[in-house]
Amino acid sequence: MTSDATSLSSADGLWTGLRLAPGAAPAFTLGADANAVIVVQQGRIHWIGDAAALPAAYAGLARHDGGGALVTAGLIDCHTHLVYGGQRANEFAMRLAGASYEEVTKAGGGIVSSVRATREASEDELFASAAPRLEALLAEGVCAIEIKSGYGLALAHERKQLRVARRLGEAYGVTVRTTFLGAHALPPEYAGRPNGSSEYTDLVCREMMPTLAAEGLIDAVDVFCERIAFSLEETERVFKAAQALGLPVKLHAEQLSDMGGSELAARFGALSCDHIEHLPQAGIEAMRAAGTVAVLLPGAYYTLRDTHLPPIEALRAAGVPMAVSTDHNPGTSPALSLLLMVNMACTLFRLTVPEALAGVTVHAARALGLQDTHGVIAVGLPANFVLWNVREAAELAYWFGGRPVRTVVRQGWIR
Ligand code: DI6
Ligand code: FE
């Protein structure tokens, strides 16, 4: 882990001998074999172009030899539940032995077991357990990440999660966008009450969200809208509370069934609808009209052995931007590789390589409201880019496993 105060060197200078991956720097259409140059100054992109056109003023800068590496914008993991206590490998083993989700839940498993472990953990313990998970993602070139709450389900514990998310961003020099997901599951103390879900939704809207927003801990608000979680009516109550606080929304939508959540989210101008295996055409149209990003989560689809594919062709035809993310969480997607998600998005969901790479860069940025500062290599933006030891961009989706990263430049520093 390096903090900016102790990094060995800044990325300032002349990065030479580069090949820009398609889409990496939209302002340029340099051929994949062009000898591209990036100039970084004070941690920001100052110039990009063909070496032959480099302005003389930059010729004397410190040089970083790219050695012919392929370059993409820094990767963005736009949907994670990275901060939580404990882990649930035992559930994984139980399910392999044939236990149903109900049996796992009866044995104390499921989200509630992560809630219990998160509540028992201190803020420092949560930081310590999340740090190596973040390091694994950063090692693959992630330069921005979304981190949700949703395992505390009570004010003090939701605050703990969101504070850890902020601390991780500061400690590692990575852009972190926090998402309040108090409406992730019904906490044990509300389960079994006749109006427990509605009463808890009130607590989320009237106490937890405004308090944590006032403490500067919330960048966006999310809900798990599903038969086994929160209803459409409860989701709308949470969205209205977020809107009143000026907070953007996103939604775990249509993961297991068509709840109509995507149309509701689009009505609130949601940044993204996520999972969307059961997304209907009406939801697609509403998302297109609202500019809402479709976030695909192949890790959860794979772990749950789902067979209901998201409507990729219809999303593509409608021109809805598609992002790809790990959905890192201890239950349905304990994924620590965004590149593996790129491979799964192609292999399982049939995205093209350019679509999958856009899904972890420019579209992922839009899903976090970061489209003006992240997701592409462009003059004026913070220097977030990755040099890869591959000949062609398709290799970033083709290989799974391995370490194709040559150099990560994150927030203007070599990591
Ligand atoms: N959808 C999921 O797949 C995860 N949360 C959600 O909203 C499950 C989270 C867990 O099992 O811990
Ligand atoms: Fe999720």
Side-chain angles (χ1 to χ4, degrees), residues 81 84-86 88 91 94 99-121 148-162 179-213 218 220-245 247 249-265 267-268 270 273-275 277-278 283 300 304 329-332:
H81 308 250
Y84 51 85
R88 289 169 30 207
E91 278 181 41
M94 284 174 70
S100 69
Y101 268 91
E102 288 68 27
E103 285 159 337
V104 166
T105 307
K106 282 202 180 76
I111 293 180
V112 174
S113 71
S114 293
V115 171
R116 192 167 41 247
T118 302
R119 290 181 171 184
E120 288 166 2
K148 304 175 189 289
S149 66
Y151 288 113
L153 307 185
L155 178 61
H157 301 296
E158 288 288 302
R159 173 186 289 122
K160 200 167 52 173
Q161 283 190 276
L162 294 168
T179 298
F180 172 61
L181 179 60
H184 187 200
L186 196 61
E189 59 272 21
Y190 282 83
R193 288 191 201 178
N195 299 308
S197 191
S198 182
E199 289 168 8
Y200 177 67
T201 300
D202 283 342
L203 180 77
V204 165
C205 296
R206 297 174 184 170
E207 183 200 340
M208 292 161 73
M209 196 192 304
T211 303
L212 297 172
I218 301 177
V221 175
D222 187 357
V223 179
F224 184 18
C225 179
E226 193 53 70
R227 289 167 305 193
I228 57 169
F230 293 87
S231 69
L232 201 62
E233 182 273 333
E234 289 162 342
T235 300
E236 183 162 13
R237 284 162 52 192
V238 175
F239 280 1
K240 282 179 176 171
Q243 193 175 57
L245 292 165
L247 295 168
V249 298
K250 45 181 59 242
L251 189 64
H252 280 70
E254 278 64 292
Q255 178 181 4
L256 308 174
S257 66
D258 174 4
M259 294 279 293
S262 48
E263 290 173 82
L264 174 71
R267 280 211 314 273
F268 280 83
C273 286
D274 303 37
H275 284 287
E277 278 81 359
H278 293 261
L304 295 173
N329 74 76
T332 64

**Q** Apply side chain to side chain donor-acceptor pair (under 3.5 Å) to residues Ser198 and Glu234 and explain how you reach the verdict.
**A** CA-CA 7 Å; Ser198 182; Glu234 289 162 342; 5.2 Å; no

**Q** According to side chain to side chain donor-acceptor pair (under 3.5 Å), who are the partners of Glu233, at least two apart in sequence or on a separate chain?
**A** Arg237

**Q** Could you walk me through whether His81 and His184 pass side chain to side chain contact (heavy atoms under 4.5 Å, CB included), step by step?
**A** CA-CA 11 Å; His81 308 250; His184 187 200; 4.0 Å; yes

**Q** Does Arg206 have any salt bridge (Lys or Arg N to Asp or Glu O under 4.0 Å) partners at least two apart in sequence or in another chain, and if so, which?
**A** Asp202

**Q** Of all residues at least two apart in sequence or in a different chain, which pass the side chain to side chain donor-acceptor pair (under 3.5 Å) check with Arg193?
**A** Glu199

**Q** Could you measure the distance from the OG1 atom of Thr179 to the CD1 atom of Ile218? Nearest 0.5 Å is fine.
**A** 9.5 Å

**Q** Please name the pair of heavy atoms, one in Arg88 and one in Gly331, separated by the smallest distance, quoted to 0.1 Å.
**A** NH2-CA, 3.2 Å

**Q** Show the nearest heavy-atom pair for residues Ala183 and Val238, with the distance to one decimal.
**A** CB-CG2, 4.3 Å

**Q** Which residues pass the salt bridge (Lys or Arg N to Asp or Glu O under 4.0 Å) test with Glu236, not counting sequence neighbours?
**A** Lys240, Arg267

**Q** Sequence neighbours excluded, which residues qualify as side chain to side chain donor-acceptor pair (under 3.5 Å) partners of Thr211?
**A** none

**Q** Are any non-hydrogen side-chain atoms of Arg227 and Met259 less than 4.5 angstrom apart?
**A** yes

**Q** Calculate, to the nearest 0.5 Å, the distance between atoms CD and CG belonging to Glu263 and Leu251 respectively.
**A** 12.0 Å

**Q** Using side-chain heavy atoms (C-beta onward) and a distance below 4.5 Å, is His252 in contact with Val223?
**A** no

**Q** Can you name the residues that form a salt bridge (Lys or Arg N to Asp or Glu O under 4.0 Å) with Glu103, not counting sequence neighbours?
**A** none

**Q** Please give me the minimum heavy-atom distance between Gly283 and Ser262, naming the atom from each residue.
**A** CA-OG, 3.5 Å

**Q** Between Glu91 and Gly109 (side chain of the first, backbone of the second, donor and acceptor by atom type, cut-off under 3.5 Å), is there such a pair?
**A** no

**Q** Restricting to non-hydrogen atoms, name the atom on Glu254 and the atom on Gly260 that form the minimum distance, rounded to 0.1 Å.
**A** OE1-N, 3.6 Å

**Q** CD of Gln255 to NE2 of His275: how many Å apart, nearest 0.5 Å?
**A** 3.5 Å

**Q** Run through Leu181, Leu153, Val204 and flag the one making a side chain to side chain contact (heavy atoms under 4.5 Å, CB included) with Glu158.
**A** Leu153

**Q** In Å, rounded to the nearest 0.5 Å, how long is the span from OG1 of Thr235 to CZ of Phe268?
**A** 10.0 Å

**Q** Tell me, please, which residues at least two apart from Thr118 pass side-chain contact (heavy atoms from CB on, under 4.5 Å).
**A** Tyr84, Leu126, Tyr151, Gln161

**Q** Sequence neighbours left out, what passes side-chain contact (heavy atoms from CB on, under 4.5 Å) with Thr332? Give chain and number order.
**A** Ala300, Leu304, Asp327, Asn329

**Q** Please identify each residue that fulfils ring pair (Phe, Tyr, Trp, His ring centres under 6.0 Å) with His157, with sequence neighbours left out.
**A** none

**Q** Only counting residues at least two apart or in another chain, list the ones meeting ring pair (Phe, Tyr, Trp, His ring centres under 6.0 Å) with Phe230.
**A** none

**Q** Taking all atoms of both residues into account, what is the closest heavy-atom pair of Arg119 and Pro187, and its distance?
**A** NH2-CB, 3.6 Å

**Q** Supply the atom-to-atom distance Cys205 SG to Phe239 CZ, rounded to the nearest 0.5 angstrom.
**A** 10.5 Å

**Q** Please identify each residue that fulfils side-chain contact (heavy atoms from CB on, under 4.5 Å) with Ile228, with sequence neighbours left out.
**A** Phe224, Glu226, Leu256

**Q** Not counting sequence neighbours, which residues clear side chain to side chain donor-acceptor pair (under 3.5 Å) with Lys148? List them please.
**A** Glu146, Asp222

**Q** Of all the heavy-atom pairs spanning Pro330 and Ser114, show the shortest one and how long it is.
**A** CG-OG, 3.4 Å

**Q** When rounded to the nearest 0.5 angstrom, what is the spacing between CD1 in Ile111 and CZ in Arg116?
**A** 12.5 Å

